[in-house]
Amino acid sequence: PAAPPAASPPVAPPPPAAPETPTAPPAASASAPPAPSVSESPAPSAPVEVKTVRVTADNLDRMMRLAGEMMIESRRFQSMRSRAESLKTQLLDTGDALDGPGTATVARELVGRAQRELVSHLAAIDDLARRTEEVSTALYHSVLGSRMRPFQDATVGFPRMVRDVAKSLGKQVRLEIVGGGVAVDRDILAKLEAPLNHMLRNAVDHGIESPEVRAAAGKDPTARLVLEARHQSGMLVVRVADDGRGIDPERIREKVVAKALAGREMAAGMSAAELYEFLFLPGFSTASQVTEISGRGVGLDVVLSTVQQIGGTAKIESSVGKGTTFLLRLPVTLSVLRAATVAIDGEPFAFPLARIERVVRLEPDEIVPVEGRPQFTLDGRSVGLVDARAVLGFPAAPASAGPASVVVLGHGRDGDRYGLVVDRFEGESDLVVRPLDPRLGKVPCIGAASLLENGDPLLIVDVNDLVASVRQLLVEGRLRGGGAKSDAGRRKRRILVVDDSLTVREVERQLLSRLGYEVDVAVDGADGWNAIRGARYDLLVSDIDMPRMNGIELVRAVRSDGRFASLPIVIVSYKDRPEDRLAGLDAGANVYLTKGAFQDDTFAATVRDLIGGPDAEGSGADA
């Protein structure tokens, strides 16, 4: 059994409960913590005494699943009532027919009695449905609440840690914790403590200046460090912000070139956001000195790794002289999803509301062809349209002269928007998320499953996969991996490039295209895995650090499928430690290169050695 969630200091942990005892004794109150120093935010009032009970993680997960299913099952009463209502209508029609001449009085009385009984029965069903849904919903949210803990449970030791670090560095820092009462899944909260510790330490050491430097720059000698948690669009957003010196992107650019992570020309074309991503690499640090606190290039890579493990993302924003902000976007819980349901080819699908920008209905005259592709205007910008049936592999729908139902999806990396035409909108609902059977592997464009209120199965769309396929269809006029052949009957060797950095993807794509190869791109490992199974490729080129599925996981997935046993794989990563190389080669990669290989002919020579020139008769791996 898993250990119980840590209690806050003012409350002592309860003694272990015996197996047959349903509840544990009440926790005893401890003395209040010491008053904070002037450099800390005022401490919250002492929490009231709470009763706790030890529950194994397996039992809690089982209760949550059953409670979710009970809530769904209770809603099926509505369909039962609809059928009874239909029967009532039929009886009314029968009664009207029996009112004609020659109808026996007894028959009319029987029908009237049946009508009264049916009305009473419907009233009982209504009451039962209402009560059952109320109870099951309360049970579900109570069980869900047992997994949730206030954000402040993970921040108890941070004021003292910040104070001690600042004192050792001769700095003055005021830590403010905002949103301490925000509810977070206990498992996510437990994994957040170490990343937040790293970011706060880095902020005090790297980001915040000494009091003398701050005073000379016209700043308050006491720096402001904010740790904030809030719910936004169904996600937990954690912000760590300081008003210090900020991060100079030019220093990172110089470090990137000095460490041979990219050529000078490639580094010059990187945006500040792309340069900040290097700070998450192992061993990468812009600190001029190594201290006991930071500067060894460790910490931020742990932050990114932990955040990605729980399905989140990390982002850095900074302004020189004004400060730096770390933004973490994480799921509040992995068990419930607020979603919009639609019909595609008569089948129900769900889109997470957090990933939908808008839903619109378009009249035929609002859709115009631009370079042969349908588009419409939204907020003054042109948005490309694609039929959801084409992306998901359903047969094309017959032409319709009526309005089109469109789900507008935004692409997080470059801000583009895409319109997905669906059959119709069904509404919004809270879904109990069920993972797909692992024997199915990663299903293209599908992330999970659930049940509708009537008990029918429902597939939940993986928006990242879907957007990648939509983008390929709109940009290239075909779904990824369509293949190409020359007029002489010889096909070009096709290479798949998988990297979450837009700059690196474009560098690799252009380099390989200039060599004559056909090139497809994927934005992360999961997107790449879908592409490999849906097309024929002669070579896979992959990064390591990527969201959803990293490069090591992608290589292992490819090697575990017998169809791709002979597919050459090249890992191209910024990581250059021996253990990283060994991990890549052990997973099944043929070659491990660093991204400094772009500066010379190493990358191109490796590709030629593995698969030869761009023209091929029939080599490669079939999907």
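- In summary, D187 and R149 do not engage in a salt bridge, as defined by a charged side-chain N under 4.0 Å from a carboxylate O.
- Separation of atoms CZ (R536) and CZ (R493) is listed at 10.5 Å; rounding is to 0.5 Å.
- Summarising the geometry of I344 relative to A388, their closest heavy-atom pair is CD1-CB, 3.7 Å, with the distance given to 0.1 Å.
- Listed here is the closest heavy atom pair of G525 and V498: N-CG1, 4.0 Å.
- Taking every heavy atom of both residues into account, T306 and K191 meet most closely at CG2-O, 3.3 Å.
- Taking each heavy atom of G528 and L496 in turn, the nearest pair found is O-CD2, 3.6 Å.
- Of the listed residues (V422, V342, V407), just one forms a side-chain contact (heavy atoms from CB on, under 4.5 Å) with F349, and that residue is V342.
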*Please lay out, stage by stage, how L539 and Y517 fare under the test side-chain contact (heavy atoms from CB on, under 4.5 Å).*
CA-CA 10 Å; L539 177 67; Y517 299 100; over 6 Å; no
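- Considering every non-hydrogen atom in both A343 and E426, the closest pair reads CB-OE2, 3.6 Å.
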*Report the C-alpha separation of H231 and V182 in whole Å, then their side-chain angles, then the decisive distance to 0.1 Å, and conclude whether the side-chain contact (heavy atoms from CB on, under 4.5 Å) test is met.*
CA-CA 7 Å; H231 290 163; V182 171; 3.1 Å; yes
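- To the nearest 0.5 Å, atom CG of residue L362 and atom CG of residue L385 are 6.5 Å apart.
- Looking at every heavy atom in both residues, D527 comes nearest to V523 through OD2-N, 2.9 Å.
- Contact of the D520 side chain with the I495 side chain is not registered, since no non-hydrogen atoms from C-beta on lie closer than 4.5 Å.
- Donor-acceptor pairing under 3.5 Å is lacking for the side chains of S405 and R424.
- A donor-acceptor pair under 3.5 Å links the side-chain atoms of D538 to the main chain of R494, judged by distance alone.
- Side-chain N or O atoms of D524 include none that pairs as donor or acceptor with a backbone N or O of N550 at under 3.5 Å.
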_Run V558 and I532 through side-chain contact (heavy atoms from CB on, under 4.5 Å) and show every step you take._
CA-CA 8 Å; V558 171; I532 288 173; 3.6 Å; yes
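- Classification of R389 and D345 as a salt-bridged pair holds, one side-chain N sitting under 4.0 Å from a carboxylate O.
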*Start with the C-alpha distance between D500 and D543, add both sets of side-chain angles, then the distance that settles side-chain contact (heavy atoms from CB on, under 4.5 Å), and finish with yes or no.*
CA-CA 8 Å; D500 62 333; D543 186 20; 3.6 Å; yes
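- Ion pairing between E518 and K492 fails under the 4.0 Å rule for side-chain N and carboxylate O.
- Under a 4.0 Å N-O distance rule, the pair D561/R563 qualifies as a salt bridge.
- Taking 4.5 Å as the limit, some side-chain heavy atom of F351 sits within range of a side-chain heavy atom of L420.
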_Is there a salt bridge (Lys or Arg N to Asp or Glu O under 4.0 Å) between R358 and D379? Walk through the geometry before answering._
CA-CA 11 Å; R358 201 173 305 180; D379 298 334; 2.7 Å; yes
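- In this structure, the side chain of R559 engages the main chain of G588 through a donor-acceptor pair within 3.5 Å.
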